[in-house]
Q: 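Encoded as structure tokens, here's the structure I'll be asking about.
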Amino acid sequence: MAKKTALIFTCAHADPECDNKRFDWLGRFIYDLKPDYVVDLGDGADMRSLNSYDTRYPKAVVTQSYQKDIEAYNDSQQRLRWQFRHAKKRKPFWIGFEGNHENRVKKAIANDPRIEGDRYGISFDHLQTDHWFDEYHEYENSAPAIADYDGVSYAHYFSSGNYG
């Protein structure tokens with residue numbers, strides 16, 4: 001069995017209030033390392049605009065924007081991959097996992113289905129996971145998906161004990 005190189009990262013929390021330059025650096029590192037695959041374990045999008053805890057603080061809610069959250073996330077994903085677009089080098093296989101922050105989109109829609117909509121509402125499709133990842137693992141039964149690659153199990157987190 002040939003050895004494979006994997007680059008794994010998690011909890012990048014792309015946020016419109018933070019500079020996405022860090023994704024340029026990580027993208028350059030991925031490009032230089034030339035891994036066989038890249039695993040993003042989730043929470044790539046912070047989705048602060050859908051944070052249910054902030055609803056108690058109206059000042060915090062006013063400064064948030066769903067559209068800016070989506071733009072920050074998609075910009076971060078573009079920055080991770082930009083060098084591969086123009087290179088003739090083999091691209092790594094990209095594997096993504098839904099984290100609890102991305103899951104905020106689904107929770108918001110479940111709380112109020114009236115806000116769902118691809119064009120004028122909110123939608124998980126806005127994260128463009130089918131565009132950014134070769135394989136993407138969404139939550140299953142209200143818990144992070146677990147997937148095995150080369151004998152290693154990956155998930156956004158693993159629960160312990162009898163937590164269902």
Q: Using a 6.0 Å cut-off, check whether atom CZ of Phe158 has over 12 heavy atoms from anything other than its own residue.
A: yes
Q: Should we count CZ of Phe9 as having more than 12 external heavy atoms under 6.0 Å?
A: yes
Q: Between Asp32 and Arg28, does a salt bridge (charged side-chain N to carboxylate O under 4.0 Å, His left out) hold up when you go through it step by step?
A: CA-CA 6 Å; Asp32 291 342; Arg28 252 182 269 147; over 6 Å; no
Q: Which atom names give the shortest non-hydrogen contact between Asn100 and His156, and what distance separates them?
A: OD1-NE2, 2.8 Å
Q: Return yes if a side-chain donor-acceptor contact under 3.5 Å exists between Ser49 and Asp69, otherwise no.
A: yes
Q: Should we say atom CD of Glu71 is surrounded by more than 12 heavy atoms from elsewhere, each under 6.0 Å from it?
A: yes
Q: Where do Ala45 and His101 come nearest, in terms of heavy atoms and distance?
A: O-CB, 3.1 Å
Q: Measure across Tyr31 and Ala87 and return the closest heavy-atom pair with its distance rounded to 0.1 Å.
A: OH-CB, 3.3 Å
Q: Ignoring hydrogens, what is the shortest heavy-atom contact between Lys91 and Phe84? Give both atom names and the distance.
A: CE-O, 3.4 Å
Q: Any non-hydrogen side-chain atom of Lys107 less than 4.5 Å from a side-chain atom of Met47?
A: no
Q: With Glu98, which residues qualify under side chain to side chain donor-acceptor pair (under 3.5 Å), at least two apart?
A: Asn103, Lys106
Q: Classify the angle between the aromatic ring planes of Phe97 and Tyr154 as parallel (below 30°), tilted (30 to 60°) or perpendicular (above 60°).
A: tilted
Q: Can we call the ring centroids of Tyr73 and His126 under 6.0 Å apart?
A: no
Q: If you look at every heavy atom in Trp94 and Trp132, which pair is closest and at what distance?
A: CB-O, 3.8 Å
Q: Can you find a heavy atom in the side chain of Pro35 that is under 4.5 Å from one in the side chain of Ile30?
A: yes
Q: Please list, chain by chain and in numerical order, all residues satisfying ring pair (Phe, Tyr, Trp, His ring centres under 6.0 Å) with Tyr136, sequence neighbours excluded.
A: Phe133
Q: Taking all non-hydrogen atoms of both residues, which atom of His137 and which atom of Ala145 are closest, and how far apart?
A: CB-CB, 3.7 Å
Q: Inspect the surroundings of CZ in Arg114 and state if more than 12 heavy atoms from other residues, nucleotides or ligands are less than 6.0 Å away.
A: no
